[in-house]
Colleague: 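Here it is: the structure, laid out below.
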Amino acid sequence: AQSVTQPDIHITVSEGASLELRCNYSYGATPYLFWYVQSPGQGLQLLLKYFSGDTLVQGIKGFEAEFKRSQSSFNLRKPSVHWSDAAEYFCAVAHSWGKFQFGAGTQVVVTP
Amino acid sequence: NAGVTQTPKFQVLKTGQSMTLQCAQDMNHNSMYWYRQDPGMGLRLIYYSASEGTTDKGEVPNGYNVSRLNKREFSLRLESAAPSQTSVYFCASSDPGGASSPLHFGNGTRLTVT
């Protein structure tokens, strides 16, 4: 069965420090991979997506993610976080029509 | 540019009451979805509609019904609300639909069933 795992429920990071959020998936073929961000009281906003090609993809708000087939991972990174990056982040896999599988989410807290 | 609009934003129901959550999108998208979000569980698909006139069950359809009223609107109905349906509900749309099309989300409806 397909699955998406975000091992970290909660991460605290200092403003200006780097951030890496982990995502592992289980799927028979190369899936379509997404990262979304959810600010409090808001819906989910697409940060970036990977379908094929270059395994390092750039997204909005200075985020990037790297697809590693050998590790079944799609980790999200940002070199220097801002207080406005405090939010919940969701990794998602789409493996067939209409079937998006979301991870449980990682809550990011940014400290001064 | 409104995108995906959900109403109401908040709702409190008593067990057994019914209600309809409304969703409309102005992006001319073919596909629309209803998800529920519960702590520690991410988002789970309730129902989706690939195109106007079609609907299909998702992962957690029990206790819900949907109507794709037209291309813009996709409503979710709870006929007899239960405390287990306390959740945040998100409507989403995509175009042309399918695995490669990102979802566009509304801001959610927070539902409490007492």
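Letters A, B, ... are given to chains in the order of the sequence lines, protein chains preceding strands, and every chain is numbered from 1.
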Colleague: Just wondering, more than 12 heavy atoms not from Arg44(B) lying within 6.0 Å of its CZ?
Modeller: yes
Colleague: Is it the side chain or the backbone of Ile9(A) that comes within 4.5 Å of chain B heavy atoms, both, or neither?
Modeller: neither
Colleague: Report whether Phe102(A) and Phe51(A) are members of the same hydrophobic cluster (ILVMFWY, side-chain heavy atoms less than 4.5 Å apart, transitive linking).
Modeller: yes
Colleague: Considering non-hydrogen atoms only, spot the tightest contact between Gly40(B) and Ala104(A) and give its length.
Modeller: O-CB, 3.4 Å
Colleague: Applying the 4.5 Å side-chain criterion to the ILVMFWY set and letting contacts propagate, would Ile60(A) and Val110(A) be lumped into a single cluster?
Modeller: yes
Colleague: Quick one: closest heavy-atom pair of Gln38(A) and Phe90(B), and the distance?
Modeller: NE2-CZ, 3.1 Å
Colleague: If you take the centroid of each ring, where Trp contributes its six-membered ring, are Phe100(A) and Tyr35(B) closer together than 6.0 Å?
Modeller: no
Colleague: Using non-hydrogen atoms only, which part of Glu59(B) is less than 4.5 Å away from chain A: side chain, backbone, both, or neither?
Modeller: neither
Colleague: Between Val4(B) and Ile46(B), is there a shared hydrophobic cluster once you connect ILVMFWY residues whose side-chain heavy atoms come closer than 4.5 Å?
Modeller: no
Colleague: Taking all non-hydrogen atoms of both residues into account, name the closest pair between Gly43(A) and Asn107(B) and its distance.
Modeller: N-OD1, 3.3 Å
Colleague: Check each atom of Gln107(A) against the heavy atoms of chain B and say whether the ones under 4.5 Å are side chain, backbone, both or neither.
Modeller: neither
Colleague: If you take all heavy atoms of Leu103(B) and Tyr36(A), which pair is closest and at what distance?
Modeller: N-OH, 2.9 Å
Colleague: Give, for atom CD of Gln37(B) and atom CD of Glu88(A), the distance between the pair rounded to the nearest 0.5 Å.
Modeller: 6.0 Å
